[in-house]
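Side-chain atoms are counted along with the backbone in the values below, which use heavy atoms only and exclude waters and symmetry mates. Below, chain A is the first sequence line, B the second, and so on; all start at residue 1. Here the structure is a predicted model, which is why all the values come from computation and not from measurement.
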Number of protein chains: 2
Amino acid sequence: MGNGKTGRITVRQIAEAAGLTIGSVSSVLNNKHVERRISPATVAKVRETAARLGYMPNINARRLRSGAESLNSVTLAVITSFEAPLTLVNHIIKAIRKAVDNERKNGSPYQFTVTIDMFNAGDLASVPGLLSGSHFNAAIITNTTPKDDHFLQRVQLPYPVVLVNRSVPGYPHVCEATDIGSRAADILVDHGRRKLAVLYGQPVTQVTHHRINSFMRQVYSRLGSTVQEIVADTLTERTAANAMRKCLEADAHIDGIYAVTDGMAIGAYHCIKQMGMQIPANVAVVGSGDYGFPALFDPPLATAGEDSIQRAESAVNLLMALIHQREIATTEIVTESTPQLRESLTGTRQPWSGFN
Amino acid sequence: MGNGKTGRITVRQIAEAAGLTIGSVSSVLNNKHVERRISPATVAKVRETAARLGYMPNINARRLRSGAESLNSVTLAVITSFEAPLTLVNHIIKAIRKAVDNERKNGSPYQFTVTIDMFNAGDLASVPGLLSGSHFNAAIITNTTPKDDHFLQRVQLPYPVVLVNRSVPGYPHVCEATDIGSRAADILVDHGRRKLAVLYGQPVTQVTHHRINSFMRQVYSRLGSTVQEIVADTLTERTAANAMRKCLEADAHIDGIYAVTDGMAIGAYHCIKQMGMQIPANVAVVGSGDYGFPALFDPPLATAGEDSIQRAESAVNLLMALIHQREIATTEIVTESTPQLRESLTGTRQPWSGFN
DNA sequence: CTGAAAGCGCTTACAG
DNA sequence: CTGAAAGCGCTTACAG
């Protein structure tokens, strides 16, 4: 079986095996046998042969052939590293869905298809169709590692691309401010914390690098002291909790922590509570608000600023503008946000503040 | 501009507008102008014309033409309601990624593409290609409403499909046990709770219906008493918190709650704490463990059983088996799980129990 | 350096 | 009831 090249069965091979023409085969396969008045015997033979040979239609050929629909079709890819939490990706998918609904309401001629491509951290280059543009018409790329960023810088992608929370020369992008970390430092210091630590996981991405650095710089500038670095092996909550525990067991004097991602913050919360300490009485915790959902935390997590949802929407809007070749004020967007002083820092309960 | 049917520009139209052949246009558009030794003037003209006309390549045609790759390509769709939390979808996507990696390692000839299709609750029928099979080769469908389930029952989809947590005659599916709710009832009653409530959101899906019903039946069977129903307007955490508040303000005697989804449980936690009550001292909470991530909760959430990840993996494995026409023991899988007695029920702290 | 042509796999009029 | 043929948009040998 097979066509000699890949083993994939085609309608032509079914037709040959069944002693029919491809037109009849196709009609049966599309359940058009009634209107085409195909004989029951032929229908049965086609179905049996297709099943026996393990026929799987070529979607690209089908869509190409189905005229108008095919012409309208635009494929958007969301490309993310497999290791990263899917929270940000969820925001992007929801933002796409929203934008696509808008397009339809405004009479856009396009029919959008959304695909998800995940790559192993550092292996962005392996995403099918990335260089050739043969798999999608436009892409949002996020959660890349420095190696991936470097790869992007060397190549040029032949379709509209928007990076989220990554800045690479030549690519439109939507990023948070690079001094988010310094705001975390400010609010911790302003609330009387003096022995500060930063909790982050590996690998350190571009955005976490900025968070960490601006935090450390600002702490030094405000207090003249250095920051203890607590480094988790991976980006998971579990390793964050483990790293925290090791640190707190060795040095109980830390009174304020900046957890550079909300995943890290969950680990920190878990560990601090398990060790019988109080947030913020013993240790204040400030996060980055990247999950966009403070109600997950008890006490509600103070953040250096929350803009994940806004960032996702900006990125999608920018991509749509690029696709439609609309006038664009800037292709380098920085989302703004202000620190959220919640109970994990202030100790003051704010009723019903957990939902945004 | 346009081809007169949909307005979509093709290489042919670029060629006409630029006074060239489509071969030259295609070569430039694919950055093959160096090896094809196209003159710089032609390159510039093609690029200018393509940009001016707003050319967007037809991905289906591209993939079809790119021979071998196209032949191998299999498109998997994850189809979910827009309203549902994306947590379960995340598990499915991760499970697909895992399965696809395995396929590759085992020398599968297929190259998989994953698409996400979201529909408004009740409007599954509007998913492009759902009936014709023109958009994907196989699908996992989840988070459907009863209306969607009814629609599925009336039609027949011409490709392999696996439903997750929905049972519709004629479709392979992977579901949790239908008596999960009774286990929640058992552990609450076993821990001395007598005034029980169930918290759920709308719309009530097939699986939540079973959770609610088996909970209420079992409570009646164990205690002879009825269950107070707390109904949130939607499936969001916020409306869950609001519904909880209204209920607790009216009747402070409830001492045990079954939150049928983890989203509902987050809302319940938030409300209970905001009202100054203790979990479980005043109110015990039991969830369904559908987020698959108890570390999100403080105190750790007791559940009637956790199997979201396992369910996602079973569903993907079943779909892969259907695609490959492997021998299948059963197409109706029920995932098993046992209740997790955590602090939100027992009040007993179990160190480092939050991560699974 | 460029043009004319074949053909990817499929569906659908159309002719019998 | 069935067969032969056109053609979706694209890429890529091939001939000049």
- Task: Please work out if Ser27(B) contacts a base, only the sugar-phosphate, or nothing of the nucleic acid, heavy-atom cut-off 4.0 Å.
- Result: base
- Less than 4.5 Å apart, any side-chain heavy atom of Glu83(A) and any of Asn120(A)? yes
- Query: Hey, are Asp101(A) and Lys105(A) close enough for a salt bridge, meaning a charged N less than 4.0 Å from a carboxylate O?
  - Reply: no
- Task: Report the nucleotide, chosen from dC10(C), dG3(D), dC1(C), that has the shortest atom-to-atom distance to any side-chain atom of Ser39(B).
- Result: dC1(C)
- Closest of dT11(D), dC10(C), dT2(C) to the Ser24(B) side chain is dT2(C)
- Item | Closest to the Ile38(B) side chain, choosing from dC10(C), dT2(C), dC8(C) | dT2(C)
- Residues Glu48(A) and Arg52(A) bridged, charged N to O under 4.0 Å: yes
- Query: Would you call the rings of Tyr159(B) and Phe136(B) parallel, tilted or perpendicular if under 30° counts as parallel and over 60° as perpendicular?
  - Reply: perpendicular
- Return the value, rounded to whole Å, for the distance between atom NZ of Lys45(A) and atom P of dC1(D). 14 Å
- Whole angstrom is fine here: how far is it from CG in Asn72(A) over to C1' in dG9(D)? 14 Å
- Query: Think Tyr55(A) has a side-chain N or O under 4.0 angstrom from the OP1 or OP2 of dC10(C)?
  - Reply: yes
- On a plain distance test, is the side chain of Arg36(B) in donor-acceptor contact with the base of dG3(C) below 3.5 Å? yes
- Message: Using whole Å, what does the distance between atom P of nucleotide dA6(D) and atom CG of Leu64(A) come to?
- Response: 18 Å
- Message: On DNA chain C, does the nearest nucleotide to Ile22(A) precede the nearest nucleotide to Arg37(A) from the 5' side, or the other way round? Give the residue.
- Response: Ile22(A)
- Base paired to dA13(D) (Watson-Crick or G-U; both N/O distances under 3.5 angstrom): none
- Query: According to the Watson-Crick and G-U wobble definitions, with both distances under 3.5 Å, which nucleotide is paired to dA4(D)?
  - Reply: none
- Query: Within this structure, what is the CZ-to-P distance between Arg65(A) and dG9(D), rounded to whole angstrom?
  - Reply: 10 Å
- Select from Ala61(A) and Lys32(A) the residue whose nearest nucleotide in DNA chain C is closer to the 5' end of that strand. Ala61(A)
- Test item: Asn165(B) and Gln206(B) side chains (from C-beta on) under 4.5 Å apart, heavy atoms: no
- Note on the structure: When rounded to whole Å, the CZ to C1' distance for the pair Arg63(A) and dG7(D) reads 19 Å
- Query: Does Asn30(B) have a side-chain nitrogen or oxygen under 4.0 Å from the phosphate oxygens OP1 or OP2 of dT11(D)?
  - Reply: yes
- Send over the distance from Leu29(B) CG to dC10(D) C1', rounded to a whole Å. 10 Å
- Query: Rounded to whole angstrom units, what separation is found between the CD atom of Glu35(B) and the C1' atom of dT2(C)?
  - Reply: 15 Å
- Query: How many Å lie between CZ on Arg8(B) and P on dC10(D), as a whole number?
  - Reply: 8 Å
